[in-house]
Asks: 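Provided herewith is a single structure, encoded as structure tokens, for subsequent inquiry.
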There are 2 protein chains.
Amino acid sequence: MTDRTAAPPGSTGCDAAAPADPVRSGRDAVRTRGALVRAARRRFATDGYRATTVRRIASDVGVNVALIGRYFGSKEGLFEACMNRTAEELGTGGPARSSAAEGIDGTIGRLIAHVVEAPNADDPLQLLLLLRSSGDENADAIRRRTLQTFTERLAASAGWDAADPATAGLLLRAQIAIATMLGLVMLRTSVGAQPAASATIGDLEEPLGDLLRGLLAPDS
Amino acid sequence: MTDRTAAPPGSTGCDAAAPADPVRSGRDAVRTRGALVRAARRRFATDGYRATTVRRIASDVGVNVALIGRYFGSKEGLFEACMNRTAEELGTGGPARSSAAEGIDGTIGRLIAHVVEAPNADDPLQLLLLLRSSGDENADAIRRRTLQTFTERLAASAGWDAADPATAGLLLRAQIAIATMLGLVMLRTSVGAQPAASATIGDLEEPLGDLLRGLLAPDS
DNA sequence: CAGGGAAATCATCAACTGTTGACTTATGGT
DNA sequence: ACCATAAGTCAACAGTTGATGATTTCCCTG
């Protein structure tokens, strides 16, 4: 990461608001940034980090390549913005949101829903984003960090407490759960393996629910 | 696949025979080819196709880059050789071995062992190779077929019978089990996510065993 | 102990990638 | 109407990648 990133307002972390600001028509930096992140995330997820060129992303959006450098500093910065957005939409973004509050059953249900929507929706492709190794050292570090946050969040919703050694095993169990989700999404979307690829929520609900409950709520 | 491949004796499918030919010491083309395929497969599996450079592969083996062009025609040719070898080893290694004969518990134990060995051994990495989409149509077909065979074999060892509709659900369950394995191997090797990456067999045996038994042997 | 031929290397090319600084154009306040 | 500023484009550079022809090194046969 170079230090000359000329990202104008608030680099990669902005996103959130887009407040009462009357969006400027036509030339709208906020909208362009959003479009870039969306296109990039799709490309990164389907083609992988290294195979995706910034020129292609810019072309998808219909703007010049240089804008990526201007807004995100670098390809890596764009990738980080993608990860942030993914983490946020996946529910790990908000610190208090979900987690222990809604109970383990709600969390499990939400996980299954993500997997089921995998082949169609845009959302679950983001999960693939977490798995594909990029060959880029820094990008991998970003990925690892996001995945780590996701794991701890899930473990916490199952009762994990960093200060309590008795619950330490839950961290690994949460990771196994995530591995299952990621592997299944991959099998459904990337490989297209039957019967998983065409399984409905009705087919997946029982085995996946049992699996996740056994993993995260062994007492129930 | 260019037609100018100057591969000397028997292009990608050679291996098999290596007849009465006394392998020449030191400068051994067969051994070099094998080493290249092995190193390439490892790189392709962990880093992905695009992120892997032929220079890096050659460097891993300790030979010059040009040899890849000489032996495999191109990077794509080398990848195809990797897929062929993987399909071959996975195909010949599996049929008699395990299956219904040794019982579901033995199969589960072997699966777990595979995951544990993942970061070091060569074997489980081949499975990762099956997940990477390369854009190559032929490779995708091989990938899908191998994965399909794998699923049916696992399901069969759990009591699945293609003719018995009552056991149809086992196919999906076997696929979920494979998804877990693949995801976990990926998390351990490619992502290096903690604590999974450094988990020992002692750490993984219990949660993974419970998970797989619940998935494949619901009655036990 | 030559000499042929394969094995492996070297140097290089052309294409492509990420990045950057200079330039152009629209926008909105005054 | 005007102009400072932001949004966006253009062209070019430096590094990397896959590929290739010429060259050297080594083994084996005669």
Side-chain angles (χ1 to χ4, degrees), chain A residues 1-10 14 21-36 40 43-44 47-80 134-139, chain B residues 1-11 14 18 20-36 40 43-44 47-80 134-136:
Chain A
M1 44 201 65
T2 63
D3 49 348
R4 47 157 162 53
T5 60
C14 92
D21 233 6
V23 181
R24 314 224 268 268
S25 70
R27 287 197 155 197
D28 183 349
V30 175
R31 189 203 302 273
T32 302
R33 281 175 59 106
L36 279 174
R43 285 287 173 197
F44 284 147
D47 299 342
Y49 179 84
R50 194 76 166 250
T52 300
T53 69
V54 288
R55 281 179 168 82
R56 183 62 177 264
I57 296 173
S59 167
D60 285 345
V61 176
V63 299
N64 192 277
V65 202
L67 269 194
I68 290 179
R70 175 181 279 294
Y71 285 150
F72 304 98
S74 64
K75 180 186 185 182
E76 195 182 297
L78 174 57
F79 180 75
E80 189 172 350
S134 53
D136 184 277
E137 199 51 50
N138 292 335
Chain B
M1 218 139 306
T2 63
D3 48 347
R4 49 155 164 57
T5 59
S11 168
C14 92
D21 232 6
V23 181
R24 314 220 268 266
S25 69
R27 298 200 142 195
D28 184 347
V30 176
R31 188 203 301 275
T32 303
R33 281 175 59 105
L36 280 174
R43 286 286 173 198
F44 285 147
D47 299 342
Y49 178 83
R50 193 70 169 255
T52 300
T53 70
V54 289
R55 279 178 169 81
R56 184 63 177 264
I57 296 172
S59 167
D60 287 345
V61 176
V63 299
N64 192 274
V65 204
L67 271 193
I68 290 179
R70 175 180 280 293
Y71 285 149
F72 305 98
S74 65
K75 180 185 183 182
E76 194 181 311
L78 175 56
F79 180 77
E80 190 174 344
S134 62
D136 183 76

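No hydrogens, no waters, no symmetry mates; every other heavy atom, side chains included, goes into these values.
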Asks: With nearest nucleotide decided by heavy atoms, which residue, A/Arg50 or A/Val63, maps closer to the 5′ end of DNA chain D?
Replies: A/Val63
Asks: Find the distance A/Phe44:CZ to C/dT17:C1' and express it as a whole number of Å.
Replies: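 Interatomic distance, CZ of A/Phe44 to C1' of C/dT17: 13 Å.
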Asks: Rounding to a whole Å, what distance do you find between B/Arg56:CZ and D/dA19:C1'?
Replies: 20 Å
Asks: Using atom OH of A/Tyr49 as one end and atom C1' of C/dT17 as the other, report the distance to the nearest whole Å.
Replies: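 Rounded to the whole Å, the gap is 11 Å.
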Asks: At under 4.0 Å between heavy atoms, what does A/Val65 touch on the DNA or RNA strands: base, sugar-phosphate, or nothing?
Replies: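 It contacts base atoms.
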Asks: Nearest to the side chain of A/Ala66, which nucleotide is it out of D/dA19, D/dC10, D/dT20?
Replies: D/dC10
Asks: Where do N or O atoms of nucleotides 12-14 of chain D meet protein N or O atoms at under 3.5 Å, pair by pair?
Replies:
from: D/dA12; atom 1: N6; to: A/Arg55; atom 2: NH2; distance (Å): 3.4

Asks: Between D/dG8, C/dT19, D/dC10, which nucleotide has the shortest distance from any of its atoms to the side chain of A/Arg70?
Replies: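 Selected nucleotide: D/dG8.
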Asks: When you measure from the centre of the six-membered ring of A/Phe44, is the NZ or CZ of A/Lys75 closer than 6.0 Å and no more than 45° off the axis?
Replies: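 Verdict for A/Phe44: no cation-pi partner in A/Lys75.
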Asks: Is the Lys NZ or Arg CZ of B/Arg33 less than 6.0 Å from the centre of B/Phe72's six-membered ring, within 45° of the axis?
Replies: yes
Asks: Calculate the interatomic distance between A/Asp28 atom CG and D/dT5 atom P; express it in whole Å.
Replies: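 Distance, rounded to whole Å: 21 Å.
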Asks: So do B/Phe79 and B/Thr52 actually touch side chain to side chain, heavy atoms under 4.5 Å?
Replies: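 Side chain of B/Thr52 against side chain of B/Phe79, heavy atoms only: no contact under 4.5 Å found.
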Asks: Would you say that A/Tyr49 contacts A/Glu76 through its side chain, given a criterion of any heavy-atom pair below 4.5 Å between the two side chains?
Replies: yes
Asks: Out of C/dG21, D/dT17, D/dG8, which nucleotide sits closest to the side chain of A/Thr32?
Replies: D/dG8
Asks: How many Å lie between CD1 on B/Ile57 and C1' on D/dT17, as a whole number?
Replies: 12 Å
Asks: Can you work out whether B/Leu67 or A/Asn64 has the more 5'-proximal nearest nucleotide on DNA chain C?
Replies: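 The residue mapped nearer the 5' terminus is B/Leu67.
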Asks: Report which part of the nucleic acid A/Ala29 touches: base, sugar-phosphate, or nothing (heavy-atom distance under 4.0 Å, all strands).
Replies: sugar-phosphate
Asks: Please give, in whole Å, the distance from D/dT9 P to A/Ile68 CD1?
Replies: 11 Å
